[in-house]
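Only one structure is covered here, and it is reproduced in the block below.
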Amino acid sequence: MSAPTAILGILNVTPDSFSDGGLWLDRDAAVRHAVEMVAQGADVIDVGGESTRPGAGRIAVSEEQRRVLPVVRDLVARGITVSVDTTNASTAAAAIEAGASIVNDVSGGLADPEMDDLIVASDARFVVMHWRGPSDEMAGAAHYRDVVGEVVSHLEFRAAELIVKGVDPDRLILDPGLGFAKNGAHNWQLLRHLDRLVALGPPVLVGASRKRFIGGLLPEGTAPGHRDLPSAIVAALAVHDGVWGVRVHDVALTRQALDVVAAWHGDDPRGRDEDEGGQA
Ligand code: PMM
């Protein structure tokens, strides 16, 4: 048996996320979409209220919370495991209060000086993503001598810092931050060397879904919403290489791809070994 993996279904309650902006701004539509993703095999719903697409500006924290908190409450009431995608400690605190059990911070705690203390004081899990600055500045920060070494040592350092401050290591999840101050070549190098991140110990989360470097494999002009097949294949390869979780838009396709990986490793993903040896 290989270790269980997690699918985080993306729920962007934003008007401007790069592939699904505006689709789930309405609270009922957002909840319906989340329930559908859970039915398709999502283990966690990752709710975000602020777009992190390259170049995006910041929004008021009050607006972020207005978008996110009612949806978090509705999902928790339905028994769904919720992660909140935020760099603001006050939004994270309010989401935890509303029942979220994971804080997914694309800055890994660096954007808000209050975040580390909040995580120390809570019992939420914490996604520490590799980050080099806010979305409107990150394109200029995509310079590395050794992208894999620099990302791995950054995450190792941040994890150690959080553990020294009092965070139980079991609560940490590491994420290389694909597309955040990284160009296509950087992203593929990080994917090619996921084993180095996995070797650090904590579970690793990868978010490749629909990102621009995936689009680079497809005919020019293919819309982000049509990047789901290569995204699911990347998710499968990442899980094959030992990552714990993938953050995705198309849960159904990803579930199928991860079921192939489970079968490849000798697990029976659906608990039904019905194959009687035929071809049809
Ligand atoms: N990518 C986006 C947003 N949040 N969180 C984590 N942990 N990892 C990611 O790679 C990540 C993230 C941007 O993508 P989106 O606009 O499709 O949500």
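Note that ligands are numbered from 1 as they come in the structure, with each ligand's atoms numbered from 1 the same way. The chain is numbered in sequence order, starting from 1.
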* Is a side-chain donor-acceptor pair under 3.5 Å present for Ser83 with Asp46? -> yes
* To do: Consider only side-chain N and O atoms of Thr91 and Arg67, and report whether a donor and an acceptor are under 3.5 Å apart.
  => no
* Proximal atoms of ligand 1 relative to Val106 (non-hydrogen, under 4.0 Å) -> 4 (N), 5 (N), 12 (C)
* Asked: Is His226 close to Leu218 at the side-chain level, that is, under 4.5 Å between some pair of heavy atoms?
  -> no
* To do: Going by the side-chain contact (heavy atoms from CB on, under 4.5 Å) test, name the single residue among Val243, Val206, Leu237 that passes it with Leu191.
  => Val206
* Step through the shown structure and confirm whether more than 12 heavy atoms of other residues, nucleotides or ligands are within 6.0 Å of CD on Glu63. => yes
* Asked: Taking atom types as modelled, is there a side-chain donor on Thr86 or Gln65 under 3.5 Å from an acceptor on the other?
  -> no
* Asked: Is it true that Asp28 and Arg32 have a side-chain N and a carboxylate O under 4.0 angstrom from each other?
  -> no
* To do: List the closest protein heavy-atom neighbour of atom 9 (C) of ligand 1: residue, atom name, distance to the nearest 0.1 Å.
  => Lys211 NZ, 3.5 Å
* Asked: Going by an N to O cut-off under 4.0 Å, is there a salt bridge joining Asp85 and Arg247?
  -> yes
* How far is atom 5 (N) of ligand 1 from its nearest protein heavy atom, and which residue and atom name does that atom have? -> Asn104 ND2, 3.1 Å
* State if Arg210 counts as touching ligand 1 under the rule of any non-hydrogen atom under 4.0 Å. => no
* Asked: In ligand 1, which numbered atoms sit nearer than 4.0 Å to a non-hydrogen atom of Leu205?
  -> 7 (N)
* To do: Considering the heavy atoms of Asp85, write down every atom of ligand 1 situated less than 4.0 Å from one of them.
  => 3 (C), 4 (N), 12 (C)
* Asked: With atoms numbered from 1 as shown, which atoms in ligand 1 lie under 4.0 angstrom from a non-hydrogen atom of Met129?
  -> 6 (C), 8 (N), 9 (C)
* Asked: Going by the atom numbers of ligand 1, which of them fall below 4.0 Å from some non-hydrogen atom of Thr52?
  -> 2 (C), 3 (C), 13 (C)
* Hey, looking at atom 6 (C) of ligand 1, which of Asp175, Asn12, Val127 has the closest heavy atom? -> Asp175
* Minimum non-hydrogen distance to atom 18 (O) of ligand 1, winning option of Arg247, His249, Glu50 -> Arg247
* N/O separation below 3.5 Å, Ser209 to ligand 1 -> no
